[in-house]
Every structure is written in C-alpha cells, then in structure tokens.
Amino acid sequence: MNKLTITVTGGTGYIASWIVSDLLREGHRVRITVRDKSNKEKYQHLLDIENKTDGSLDIYEADLLALGSFDKAIAGAEYVMHTASPFFLDDGGDAQKNLVDPAVKGTQNVLDSVHRSGTVKRVVLTSSVAAIYGDSRELKEQGISALDETMWNQSSSLSRNAYSYSKTEAEKAAWEIVKKQDQWELVTINPGFVLGPSLTKRIDSTSISTLLRILRGEIKSGAPDLGFVFSDVRDISRGHILAAFTPEAKGRYIIAHESGNLLTLAKIIEASKPGQYKVPRGLVPKWLLWLLAPSLGFSRQFVRDNVGFSVSVDNSKSLRDLKMEYTPLEKTVMDQVEQLKKDQLI
Ligand code: NAP
C-alpha cells in the first residue's frame with residue numbers, strides 16, 4: 001500500500017494506540033494529537049514502535065475545546081481518525097462541561113479543521129454503541145433482539161447516562177456537518193465495551209480498570225448483571241483502518257461480536273487460571289444493587305433500567321462490507337490478563 005498521511009486525534013489513548021501502532025506497521029506517515037506534548041511518557045510507547053517500523057510518527061498539540069488547534073495536525077493529511085473524546089462514566093458533577101462539550105464541540109472543531117485542510121478524503125469517527133441505544137430495558141420493551149446500525153439512542157440526556165448522550169450528540173453533529181459539503185466522507189465505528197491488551201501500563205481507562213477490578217478481587221462478592229456487547233481493542237483498530245481504506249465503506253459500523261456481563265469475563269478467567277484470582281462466582285441480586293446504587297456512584301434509575309437485561313448485536317454489515325474477522329472473547333480477555341501480569345499490574 002502507498003504511504004499515506006493519517007492524523008489520529010487523541011493518539012495516545014487505549015484504542016488509538018493500537019490504531020497508531022497498526023498504521024506504523026503498515027508503513028504510513030502517522031500524526032497524533034495530544035493535549036500536552038511535554039508529557040513524553042504518554043507517547044513514548046508509540047515512538048518505540050515507530051523505531052521498529054517503516055512508518056513515521058509526528059506529535060502535535062491540540063485540545064478539543066481550543067478552536068483551530070487541530071489545523072496543523074490535519075493540514076496535508078488524507079485521512080483523519082477522530083478518537084479523542086472523554087471516556088468516563090462519572091461526569092464529575094458537570095456533564096455538560098466534562099463530557100458533552102469536549103465530545104460535541106470537539107467533534108465540530110476537528111471537522112472544521114478537516115474542512116479547512118482541503119486534503120482530507122475521509123474521516124473515521126470513533127463513536128460507540130452508546131449512540132445506538134440508551135438503556136437495555138428499552139430494547140426488551142421495544143422487542144429489539146439485536147443492535148444494528150439503523151438504531152439511534154433516543155433516551156439518554158444530560159441527567160441520564162451522560163456519557164452515552166455525549167457520544168450520541170457528537171455522532172449526530174458529525175453526520176449533520178458532513179451533509180453540508182462534498183469534499184470529504186464520514187464513516188463511524190461504533191464499538192461495544194472494548195477489552196484486550198493495552199500497549200501501555202496506564203490503568204485510568206475504563207476498559208482497563210474494569211478488568212483490573214475483577215482480577216484484584218474488588219467485586220468478588222458478586223458481579224452486577226449488566227449486559228454488554230464486547231469488542232476486542234485490536235479488532236476496533238482493524239475496523240478503523242478498514243473503514244478508512246475500503247472505498248465502499250459507508251455509514252456506521254458496529255464492531256462488536258459477543259454479549260455477556262462481568263460474570264462472563266470472570267468465568268473466562270477462572271476457566272483459564274483456576275483459583276488464581278478472586279473473581280466473582282455469582283451475580284449481585286438486583287434489589288441489593290438498587291439499594292446500594294447511590295453509595296456505588298450510580299443512580300437507582302440506572303439499576304432499574306439496565307440490570308438484568310441482556311444486549312446482543314447484529315454485526316453483519318461489518319462482516320459484509322469490511323470483511324471483519326472477530327477475535328474470540330476468551331482470547332481478548334486472557335491476552336489482557338497476560339498483559340496486566342507482564343506489566344506487574346496484578
Ligand atoms: P482513552 O484511553 O481515555 O482515550 C481518550 C483520548 O481522548 C485520550 O487520548 C485523550 O487525550 C483524548 N481527550 C480527552 N479529552 C480531550 C480533550 N479535551 N482534548 C483533546 N483530547 C482529549 O479512551 P479510549 O477507551 O481509548 O476511547 C477512545 C474513543 O473510543 C473515545 O471516543 C470513546 O468514547 C470511544 N469508545 C471507547 C470504548 C471503550 O470501551 N474503551 C467503547 C466505545 C467507544 P490525551 O492523551 O491528551 O489525554
């Protein structure tokens with residue numbers, strides 16, 4: 001493949017690091033944005049990968065809320081992968097400021113830079129299944145058996161599942177912006193809950209801290225029966241790259257394949273490493289979670305509408321258009337366990 005210039009926003013993140021690594025291994029010219037370029041520790045792992053590949057890496061400083069700050073990183077690029085967005089479930093008491101503004105205004109800001117560049121052909125936006133549905137209970141009530149790309153989250157708001165709201169509003173804004181021009185195309189990747197080995201030792205990502213909590217015995221008395229669709233971080237990276245470079249790719253792509261809850265993950269760990277970790281053996285009763293919800297940092301409404309409901313996914317569009325191949329969940333989880341062990345985090 002020709003050497004292409006690709007900008008990855010939020011390039012040091014858990015997902016983005018894999019995208020950058022895969023692009024470097026394919027020999028491309030990769031540009032990443034970080035908020036603080038002086039914090040070299042955050043992107044040293046990517047410089048190390050660059051040294052072992054034919055690709056090249058350039059680091060730019062940009063902030064989602066600083067207008068025009070992505071201009072330099074994007075000018076001259078052919079593709080942009082916009083992954084940067086706050087990913088945490090606790091809104092810190094101000095969902096608008098901490099989640100929605102960076103996600104929505106940040107997406108507008110990045111797409112303005114894309115437009116000004118005149119060189120970008122396609123943007124791949126990292127959205128989420130959070131933009132596809134709100135609470136799992138709605139799916140059951142509406143008789144929906146599997147999530148697909150035609151669905152939109154209709155119920156999340158600033159005060160209800162604010163992270164999901166931020167992802168929904170950001171993706172909607174992107175589709176509105178792309179409609180107004182014909183210079184560049186937009187494709188979105190909508191991952192489920194992403195797991196799998198991290199390229200760094202950081203543990204502040206929700207994807208990493210969740211598995212750590214299970215492995216460190218923090219929920220050994222019982223797992224909440226929260227339904228997820230799971231994605232492998234390496235599949236998500238592949239999905240972004242296929243979405244960028246497959247000319248026929250169009251619209252939204254759910255990249256996820258297996259369903260379950262946190263007990264599903266615990267059972268995989270126990271089956272592979274019997275007795276090694278204090279993983280939960282059962283589920284916490286819903287009534288107990290409802291009672292404890294405020295002290296655990298989530299609302300009783302969240303427990304009512306999400307605990308005890310399963311979610312599944314129709315990923316046929318990704319199989320058909322992108323020829324996606326999915327990593328089995330057992331491999332995803334155990335590769336992450338091995339990485340956490342190697343990095344002495346468990
Ligand atoms: P992550 O490791 O926390 O990465 C998020 C990135 O966003 C960081 O690199 C951070 O950049 C950047 N960022 C946050 N606020 C910013 C701001 N104000 N200005 C500039 N950059 C900012 O999270 P991740 O799990 O890789 O998530 C990446 C994307 O995937 C997000 O859009 C998330 O919503 C989406 N997603 C994640 C999952 C999942 O399970 N992990 C599932 C579905 C969708 P700095 O390096 O500068 O801090």
Side-chain angles (χ1 to χ4, degrees), residues 7-21 32-46 59-70 73 81-90 92 97-110 113 123-133 147 153 161-171 174 188-211 226 228-237 239-240 252-256 265 313 332 336:
T7 302
V8 183
T9 69
T12 64
Y14 168 61
I15 292 175
S17 288
W18 274 102
I19 300 176
V20 172
S21 166
I32 62 167
T33 68
V34 295
R35 269 177 290 186
D36 176 9
K37 195 175 167 181
S38 67
N39 186 359
K40 205 172 166 191
E41 205 185 310
K42 244 186 152 175
Y43 54 85
Q44 185 58 49
H45 62 292
L46 298 174
I59 323 287
Y60 293 78
E61 205 166 71
D63 190 299
L64 290 169
L65 293 173
L67 289 184
S69 64
F70 289 86
M81 315 264 190
H82 177 37
T83 80
S85 202
F87 175 42
F88 37 81
L89 303 180
D90 177 359
K97 177 167 166 275
N98 297 329
L99 284 170
V100 180
D101 283 351
V104 180
K105 291 184 183 166
T107 296
Q108 286 164 345
N109 190 19
V110 168
S113 299
V123 175
V124 181
L125 171 76
T126 318
S127 186
S128 171
V129 294
I132 303 259
Y133 79 109
L147 307 177
N153 178 343
N161 303 340
Y163 168 72
S164 299
Y165 181 63
S166 77
K167 296 304 287 180
T168 309
E169 293 304 300
E171 193 193 324
T188 70
I189 294 296
N190 297 67
F193 186 34
V194 185
L195 294 169
S198 169
L199 291 173
T200 69
K201 284 188 182 185
R202 59 177 281 227
I203 56 169
D204 57 331
S205 157
T206 306
S207 288
I208 299 163
S209 58
T210 303
L211 202 69
L226 278 173
F228 295 103
V229 286
F230 295 111
S231 311
D232 184 291
V233 68
R234 296 158 293 189
D235 295 349
I236 296 301
S237 168
H240 279 75
R252 315 168 86 193
Y253 289 98
I254 293 178
I255 305 284
L265 308 181
V313 74
T332 304
Q336 188 168 5

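All residue numbers in this chain count up from 1 along the given sequence. Just so you know, ligand 1 is whichever comes first in the structure, and atom 1 is the first atom listed for that ligand. As the structure is a computational prediction, the values presented were derived from the model and not from experiment.
The aromatic rings of H82 and F70 lie perpendicular to each other, with more than 60° between the two planes, well past the 30° mark.
For ligand 1, the polar-atom distance check finds an N/O of T12 within less than 3.5 Å of one of the ligand's N/O atoms. By the 3.5 Å distance cut-off applied to N or O atoms, L64 is counted among the residues near ligand 1. The shortest N or O to N or O distance between P191 and ligand 1 is not under 3.5 Å. Considering backbone and side-chain N/O atoms, I15 comes within less than 3.5 Å of an N/O atom of ligand 1.
Looking at E171 and S128, their side chains never come closer than 4.5 Å, going by heavy atoms from C-beta outward. The side-chain heavy atoms of V129 and I254, taken from C-beta on, include a pair separated by under 4.5 Å. Side-chain contact between V8 and H240 is absent, with no heavy atoms from C-beta onward closer than 4.5 Å.
In terms of protein heavy-atom proximity, atom 36 (N) of ligand 1 is nearest to Y163 OH, 3.7 Å. For atom 12 (C) of ligand 1, the nearest non-hydrogen atom of the protein is A84 CB, 3.8 Å. Annotation: atom 38 (C) of ligand 1 to nearest protein heavy atom, V194 CG2, 3.7 Å. For atom 14 (C) of ligand 1, the closest non-hydrogen atom of the protein is R35 NH2, 3.5 Å. The closest protein non-hydrogen atom to atom 5 (C) of ligand 1 is S85 O, 3.7 Å. Among protein heavy atoms, atom 42 (C) of ligand 1 sits closest to G192 O, 3.1 Å. If you check which protein heavy atom lies closest to atom 4 (O) of ligand 1, you get G13 CA, 3.6 Å. Of all protein heavy atoms, the one lying nearest to atom 18 (N) of ligand 1 is D63 OD1, 3.4 Å.
Between the S231 side chain and the I236 main chain, no donor and acceptor come within less than 3.5 Å of each other. With hydrogens and angles ignored, the 3.5 Å screen pairs a side-chain donor or acceptor of T33 with a backbone N or O of G10. No donor-acceptor pair closer than 3.5 Å links the side chain of Q336 to the backbone N or O of P197. Looking at W18, its side chain never comes within 3.5 Å of a backbone N or O of D235 through a donor-acceptor pair. Y14 places no side-chain N or O within 3.5 Å of a backbone atom of R202 that could act as its donor or acceptor partner. Of the possible donor and acceptor atoms, one in the side chain of N109 sits under 3.5 Å from a partner among the backbone N and O of L64.
Taking 4.0 Å as the cut-off, S127 counts as a neighbour of ligand 1 on heavy-atom distance.
Relative to atom 30 (O) of ligand 1, the option among N98, T126, T206 with the closest non-hydrogen atom is T126. When the options H240, R202, K42 are ranked by their closest heavy atom to atom 2 (O) of ligand 1, first place goes to R202. Proximity annotation for atom 23 (O) of ligand 1: of W18, F87, Y43, F87 comes nearest, heavy atoms only. For atom 9 (O) of ligand 1, the nearest non-hydrogen atom from the set G10, G106, S207 comes from G10. Of all the listed residues (D36, T210, T83), T83 holds the heavy atom that lies closest to atom 29 (C) of ligand 1.
To the nearest 0.5 Å, the span separating CG on N153 from CD on E169 amounts to 9.0 Å.
Of all the heavy atoms of S231, none lies under 4.0 Å from any atom of ligand 1, so neither backbone nor side chain is involved.
L195 pairs with exactly one of D232, V233, I208, T332 by the side-chain contact (heavy atoms from CB on, under 4.5 Å) rule, that one being T332.
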